[in-house]
Structures are given as C-alpha cells and as structure tokens.
S.K.: 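One structure is given below, represented as structure tokens, and several questions about it will come after.
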Amino acid sequence: MADKEVKKRMYRSPKLSLLETVTKGLMADPKEIQSRFTIKFDEGKGRGVYLAIPILKKYSFVLEYEGDLISESEATSREQIYAHNNEGCYIMSFMFKGMKMAIDATRCFHSYTRLLNHSRHPNIRFHRPLIVDLKGGRPRIGAYALRDISKGEEIVFDYGVRDGSIPWLRSRKAGYCSNIDSSSEEEDIASSDKTGTEASEITMRLLSPKKKVAVNEHFDVPSASQDSASQSSTSHASTSTSQPMTHLHLNKNRVKWAPLLSDRRSKCGWRFTRVTGNSYIMGLESEGCPQKICRSLEEGYKKKRNKSEEESVCMSISDESISTNSAQSSAMENIPSTVPQGDYSYVNKVLDWLPSMEIRIEKVQSLSEPGEKSIESQQQQSVCIIDDSSEDDNVTSRNPISSQTLSDMVIEDDSVPSRNSISSQILPNEVIEDDNVASRSPISNQILSDVVIETPTRANVKKTKRNLRRLQQDVFVISDDESGNILKPRKSTSSGPLQVAVVKPYSADQSCIYVPDSPHSDVTLCPESSESESIRINLDVYELEHLESMFQSYIYSDNFSTEEK
Ligand SMILES: C[S@@+](CC[C@H](N)C(=O)[O-])C[C@H]1O[C@@H](n2cnc3c(N)ncnc32)[C@H](O)[C@@H]1O
C-alpha cells in the first residue's frame, strides 16, 4: 500500500499538482493571501486588484471567490434585487456536480476577489469548484496564475460573458488589460489544465444595462459627450449603460459635487459623507430648483466590523432636484422620513424621479476595504472638535463623534423671523424657503427636513448648551469612535433605532441637536449675542441605537426645557 502511494506520487501529473496548489491555497490564511494584493482605482474599470508582491509565479494560488453559496435560482432573484437596489452584482456562477450554482460576493465587502476585473487576456483563471472541507462539503472556488505575474500588474480573469449589450464588454479595448501579454502560454495552460473548468462554466453574472429613465421635460437631455464622460467612470457591475450617471467614488472623494448631467441648468450634485465611524450620508442637492423641503430620506445602518459585514450607509436625499409635479409631490408625501433598514425601495423611488440619472451607491464597502484605509484616515482627520473653552462649564471630555464636521451643510435662512421660545413657535416639519437661491453655494442649498433654525433667547441658549454638553459627554462615554463601532448606549430601553442629528453652526459656541420624530426636534443653540437671522450650520446625522430614552431624559427633563424660565 505504501509502495503504491510512493508510485502515485512519482507519477503525479501537473494537473494534480495544480489541484493541490489550489486546495492548499483555499486552506491557507485568507488574510495572508490577501496581503499579496492591493486595490487600486481605475477611471474606466473602477476598482481592481493589483499585485503587491514582487512576483506571483505561474500556477500559484491567487484568491478565493468568497461569498454566499447559493442556487442558480437564488442567484437570479438576488440579481434582480441588486439591480433594483443599484447595489452592483458580484455573483459568480458555476457548474458543480451537474448543477448550476453560484457564489454571491455582493455583500462580502472584505473580499478582494469580487473586485477582480475582466479581461479577454487574463492572467489568472478560476479552478473548478473544489470541496476542501470534507465535513462541510461546500464547494469552493480558487484562482491560480496562468503565468508569472509581476508587482503592479492588474489581476484579471475572463468573466466568461460575451454580452453585446454591455458596452465595456463589447469593446475589445475595455476588456483588454494592456500589461498582459496574450501569449500562447495561456493556451498551453488551458489545454493542459484538464482539471479546470472551461471558461464558460465559471461566469460572472453581469447585470444588463438599465432601461432608460424617462427624461423629465423640465430638464435638458444630456449631450453625447457628457454621456460618454459619464460612462467612462463606470465602476460597478450593475451600471454599464448608455445613460448618463453620477457615480460615487468614495475611494476618490469624500464629498463630491457632480453636475447632474440631465440637469445642466441646475447645479445638482451628490455628496457622500462620513457620519460616524460606521455610517455615511449621501445627499442629492440642487441649486436651480426652488428651495423646498418635502422630505428627506435617511437611512442608516450599522456595520459590525468584527462580526457580520453589514453594509453601512446613511442616506439622505433631499428632493430639491426633483421637479414638483403633483403626482410626484403626492407620492413624496407617502414616503416616510425614516426608511427601514436595508429597504432601498423608497430611495429608488426617489432616484427614479431624478431625471435621467442613475445613482450607484457604493456604500461603505469601498471604505471598509483594507486598500482604502487611507480614505478613512483622511476622513478622520477632518473631524472637527468643537472648542468650547470659552464656556464656563468645565467640560473635560468631548465627544469627537458628536463634534465631527460631517456634511458641511450650510443652511442660510433669511426668512425665519426671530423667535423667543423654541417650543412655542416652531412647527414640526417646518419648511424653510429661500428664494435667493442663485447667490448660494451649492452646499448651502441642502436642507434636511424638519430642521428649523431658531434664534433662541440667552436663557435658552445657556440651558440648551449645558444640556448639550451633558449629552455630548454621555455620548462620549458610550461611544467607541476609535474602533468605528456603533455607539453603544448605556441605557437600552427603546426598541427601534433612533436617528439623531447633532447640528452645529460653524462657530465653536454654536450647537444644536436634532432628534427626528420628537416633538422637541427643533432644539437649537445659537450664539448668545446673535440676533442674526442668518445662521450657518453643519449637520451631523447619527444613527444611535437605543438612545431614545437617554435623549428623552434630557429633552423632556426640566433641565432641557425649552421654555424660558
Ligand atoms: C465584479 S466587478 C469588478 C470590480 C469593479 N471594478 C468594482 O469597482 O466594483 C465587475 C464590474 O467591473 C467593471 N469592469 C470589470 N472589468 C472591466 C473592464 N475590463 N473594463 C471596464 N469595466 C470593467 C464593470 O463595471 C463590471 O460590471
């Protein structure tokens, strides 16, 4: 028996060694494997995986396609959901024991493999599915190098899709990775690799281009040049289309303004801003439309870094760039101000109304990936701690989170008259209108619903300030902003998540908090000396879980009374 074993080994064919290599690779430490690569961004292709070590030898294990193992029918239904959500689609289909199966990496944010781009001249190939763990029996797919790959080269594979309706696939140039020599070696491997699948058996599911969104008559139809410019920034599986798009490249810009191509008369744009260590806010803004607040959509959800890799995005969309015909307005009315976690349907509804525009929300995934840590730290640097050293109260600890300068929103309000009492005069959901739109910076046009700018009295200011500081101190105590984990309240009595905005004017001694869905949501704090009718604020929005009771204890307590005493 032992002799036989030795004999077998002696006559091992290359294909067996490849099988072994891949199996070994699948069992290796994924972190160590991943450290050989880096993520870079390309204008045309989006993110891609590049070799970070000097060389990766031919036949070496490359990466595993990690994700949820699902059936083909599940893949199809997920694909539809992803298309609907504009999430992108990172599903790889393959045959296993005569069955079509798939691995879905769409939400496997830590994975580099999902970011591998396509080339008709690949330097890696995925091996056929292997069962590595005999107990679990789950087929796994790993890639190996088709040739020696040098540092800096992009790692690409053939998606196995030949779909003429996908523009970049159609273009030979786009599918070609110029630093890869299409030598006959590749063919050699293909023919010698009898253990590997045919390219057609392992394929990426690429969403077809979305159908054209009706262009609103109020907006200009984009020109061809704009169209192609927008296409050049394609970076997501779901979004190759002939339509103009606005793309969120979080790994390039923390906050970005882009003209809505369909709406050249207005300077519209989106911003995507870090809110806390684990939530983000995206806003759509427009400068050319009448300033109106109907609703804002806010969606926040947390990401637990160490456990399941949940998406994390806080989305806020103001409807300023939506023209207001009556059907849309009434539909808007039906949109709740707070969208259930993970429910994109409302967001998509709003996006549908944005004429001829698609928004791809590259959520926190791009920030959570190790290759993009620099962005995260860049964002950290932009944290602005309120310096309230001028204050009497001895505040020793500050909450960096609650002091963070986030969306840089400026609300200038020339129309709201001075008021004496916050509670008596502010109507919930009050709309601030300002006709003087042209003179504003784009930033200044964004107004979140329910935010009311108030000019409180001195007494009020003092009380509110004191309470705010207490609040901030408490938030500081309960927060864990360093690690980026969700804020953990000490008191946990409330059921659902609570979204809290901390609104801070630019100057150090101005702050206010904003708690949606609270009758006292318009708690503002203005400079004591200020009778100014115009106020500039930054708006920070947090989703804090289970903090309601804590906030309420401040807001509804005597201390936090908004009545002047
Ligand atoms: C699996 S993802 C790859 C990662 C992607 N670049 C990203 O940033 O998320 C597939 C998508 O990447 C883009 N892509 C991949 N290969 C490409 C290529 N050769 N040329 C242009 N775009 C490409 C397409 O948008 C495709 O839908």
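All ligand and atom numbering here is 1-based and tracks the order in the structure.
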S.K.: Ignoring hydrogens, what is the shortest heavy-atom contact between F61 and G142? Give both atom names and the distance.
M.R.: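 In this case the closest contact between F61 and G142 is CE1-CA, 3.8 Å.
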S.K.: Taking the minimum heavy-atom distance to atom 8 (O) of ligand 1, which of R47, E154, M92, R120 ranks first?
M.R.: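 Of the listed residues, R47 has the closest heavy atom.
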S.K.: Evaluate the side-chain contact (heavy atoms from CB on, under 4.5 Å) criterion for residues T38 and Y112: first the C-alpha distance (whole Å), next the side-chain angles of each, then the deciding distance (0.1 Å), finally the verdict.
M.R.: CA-CA 8 Å; T38 184; Y112 277 13; 5.7 Å; no
S.K.: Would you mind listing which atoms of ligand 1 come within a distance below 4.0 Å of any non-hydrogen atom of L206?
M.R.: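 Going through ligand 1 atom by atom, the ones under 4.0 Å from L206 are 27 (O).
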S.K.: I want to know if ligand 1 touches R114 in the polar sense, i.e. an N/O pair below 3.5 angstrom.
M.R.: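 In this structure, R114 places no N or O atom under 3.5 Å from an N or O of ligand 1.
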S.K.: Going by the atom numbers of ligand 1, which of them fall below 4.0 Å from some non-hydrogen atom of N117?
M.R.: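 So the answer, numbered in order with elements, is 3 (C), 4 (C), 5 (C), 6 (N), 12 (O), 13 (C), 14 (N), 15 (C), 16 (N).
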S.K.: Once ring-ring contact (aromatic ring centres under 6.0 Å, His included) is applied, do any residues pair with F157, and if so which ones, sequence neighbours excluded?
M.R.: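 Checked F157 against ring-ring contact (aromatic ring centres under 6.0 Å, His included); matches are F126, Y159.
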S.K.: Could you pull out the closest heavy-atom pair between N123 and R147, with the gap in Å?
M.R.: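 Closest approach of N123 to R147: CB-NH2, 3.8 Å.
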S.K.: Just checking, is any N or O donor in the side chain of T106 or R114 under 3.5 Å from an acceptor N or O on the other one?
M.R.: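 There is no such pair between these side chains.
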S.K.: May I ask you to list the atoms of ligand 1 that are less than 4.0 angstrom from any heavy atom of Y90?
M.R.: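 By the 4.0 Å cutoff, the relevant atoms are 1 (C), 2 (S), 7 (C), 9 (O).
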S.K.: Within ligand 1, which atoms have a heavy atom of M204 less than 4.0 Å away?
M.R.: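 Close to M204: 1 (C).
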S.K.: Below the 3.5 angstrom mark, is there an N/O of S119, backbone or side chain, next to an N/O of ligand 1?
M.R.: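 Not met; the criterion fails.
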S.K.: Report the residues that fulfil side-chain contact (heavy atoms from CB on, under 4.5 Å) with K57, sequence neighbours left out, ordered by chain and then residue number.
M.R.: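 side-chain contact (heavy atoms from CB on, under 4.5 Å) list for K57, sorted by chain: I55, S60, D148.
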S.K.: Any non-hydrogen atom of L116 lying under 4.0 Å from ligand 1?
M.R.: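 Judged by the 4.0 Å heavy-atom criterion, L116 does count as contacting ligand 1.
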